[in-house]
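Positions are given from 1, in the same order as the sequence printed here.
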Amino acid sequence: MIDFIEAGKCYKSHGIKGILDVEMNPIFKKHILSEKVVFFKINGCHVPFFIESCKTDGSTLLKLEGVDNPEQARVLSHQSFYIDENKLSKATKRSAKIQGKSQGLEGYTIHDRTSNYNVAITSIEEYPSQLMARVMHDGKSLLIPLHEDFVEEIDEVAKIVFMILPEGIFEF
């Protein structure tokens with residue numbers, strides 16, 4: 001069974017060849033371009049569309065198989081598109097979970113398996129390419145990157161984010 005996860009939004013058609021101006025969630029971009037398939041919800045069903053080409057220069061432009069003119073592209077305009085969550089790597093799934101829960105992580109504890117420190121997340125801050133957890137350690141404020149390479153697991157019941165952080169991150 002396919003589990004769909006929203007991966008982006010289609011805005012409008014571009015030009016006369018059915019090209020679509022889209023915004024992709026950056027976490028899923030590599031996956032989308034390697035799998036070359038996205039799903040649009042049409043009449044209540046997720047319909048696959050295969051990617052012929054993708055061009056990114058300022059905006060992201062997708063050319064989908066079978067969408068060859070502005071009229072066909074308009075049917076998909078202003079809709080979200082989806083991918084199969086089951087085909088995502090574990091790291092990408094963790095990134096999506098972190099992004100989806102970013103504001104909900106306030107009040108969680110980070111447990112660093114490297115240093116064995118526990119610190120409480122006081123806030124989440126979004127930087128251009130990175131989510132950061134603001135924590136207090138020894139009376140000083142620190143920013144901890146919530147990167148998929150560092151996050152090992154999120155225990156939602158115990159409200160703990162288990163991480164493997166680089167050595168020395170708590171030293172200043």
Side-chain angles (χ1 to χ4, degrees), residues 1-12 20-41 46 51 54-62 78-172:
M1 185 171 138
I2 297 177
D3 293 320
F4 295 101
I5 185 169
E6 187 174 327
K9 181 147 177 99
C10 178
Y11 290 108
K12 61 182 180 175
L20 296 163
D21 185 0
V22 303
E23 181 180 335
M24 286 185 209
N25 183 325
I27 291 172
F28 302 130
K29 187 173 186 175
K30 184 178 175 184
H31 171 81
I32 290 169
L33 297 179
S34 69
E35 287 289 315
K36 294 196 173 280
V37 64
V38 293
F39 297 82
F40 283 88
K41 205 169 195 179
H46 288 90
I51 299 171
C54 177
K55 190 174 180 182
T56 54
D57 53 346
S59 60
T60 302
L61 302 174
L62 280 185
H78 306 290
Q79 288 194 46
S80 296
F81 57 87
Y82 304 84
I83 57 175
D84 181 358
E85 185 176 14
N86 297 322
K87 292 194 175 195
L88 294 173
S89 69
K90 286 183 181 181
T92 304
K93 284 182 185 179
R94 268 197 312 270
S95 289
K97 188 173 184 179
I98 290 165
Q99 185 184 55
K101 287 196 58 60
S102 62
Q103 296 309 313
L105 290 175
E106 291 177 9
Y108 275 57
T109 298
I110 291 176
H111 174 77
D112 176 30
R113 294 190 195 270
T114 306
S115 66
N116 213 27
Y117 282 126
N118 291 308
V119 290
I121 299 174
T122 58
S123 67
I124 301 294
E125 298 181 20
E126 191 169 341
Y127 288 82
S129 62
Q130 183 68 54
L131 285 175
M132 304 288 278
R134 183 162 300 277
V135 300
M136 293 298 289
H137 176 68
D138 288 341
K140 295 189 181 178
S141 180
L142 288 173
L143 288 172
I144 305 291
L146 292 173
H147 192 273
E148 71 235 25
D149 292 341
F150 300 147
V151 176
E152 188 178 52
E153 169 189 357
I154 299 175
D155 183 336
E156 295 182 37
V157 175
K159 293 191 173 191
I160 299 174
V161 180
F162 293 96
M163 300 183 77
I164 299 176
L165 294 168
E167 285 188 38
I169 201 163
F170 291 103
E171 297 172 13
F172 37 87

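Here the NE2-CG distance, from H46 to D3, works out to 10.5 Å after rounding to the nearest 0.5 Å. A distance of 11.5 Å separates CG in L20 from OG1 in T60, rounded to the nearest 0.5 Å. Summarising the geometry, atom CG belonging to D149 is positioned 10.0 Å from atom CE belonging to M163; distances are rounded to the nearest 0.5 Å. N86 CG to F4 CZ: the interatomic distance, rounded to the nearest 0.5 Å, is 9.5 Å. The CD atom of E167 lies 9.5 Å from the CG atom of D112; values are rounded to the nearest 0.5 Å. Of the inter-residue distances, the one linking L131 atom CG with H147 atom NE2 reads 10.5 Å to the nearest 0.5 angstrom.
Listed by chain and number, the residues in a side-chain hydrogen bond (donor to acceptor under 3.5 Å, both in side chains) with E23 are Y11 (sequence neighbours excluded). Residues that satisfy the side chain to side chain contact (heavy atoms under 4.5 Å, CB included) test with A158, not counting sequence neighbours, are D155, I160. Scored by the side-chain hydrogen bond (donor to acceptor under 3.5 Å, both in side chains) test, S89 finds T92 as partners (sequence neighbours excluded). The side chain to side chain contact (heavy atoms under 4.5 Å, CB included) test applied to Y117 returns S115, H137, F170, not counting sequence neighbours. Scanning for side-chain hydrogen bond (donor to acceptor under 3.5 Å, both in side chains) contacts around S80 gives E6, with sequence neighbours left out. For T109, the side chain to side chain contact (heavy atoms under 4.5 Å, CB included) partners two or more places apart in sequence, or in a different chain, are N118. Listed by chain and number, the residues in a salt bridge (charged side-chain N to carboxylate O under 4.0 Å, His left out) with E152 are R113 (sequence neighbours excluded). By the side chain to side chain contact (heavy atoms under 4.5 Å, CB included) test, L143 pairs with E125, Y127, M132, R134, sequence neighbours left out.
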Ignoring hydrogens and angles, write down the donor-acceptor pairs under 3.5 Å from the side chains of residues 24-41, residues two or more places apart or on other chains.
residue, atom, partner, partner atom, Å
N25, OD1, I27, N, 3.0
N25, ND2, Q99, OE1, 2.7
S34, OG, K30, O, 3.4
S34, OG, H31, O, 3.0

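For the pair C10 and L62, the minimum side-chain heavy-atom distance is 4.5 Å or more. Between H111 and N116 the shortest side-chain heavy-atom distance falls below 4.5 Å.
Remark: the backbone N or O of L165 is paired with a side-chain donor or acceptor of T114 at under 3.5 angstrom.
For the pair D21 and L61, the tightest heavy-atom approach, listed with the atom from each and the gap, is CA-CD2, 3.9 Å.
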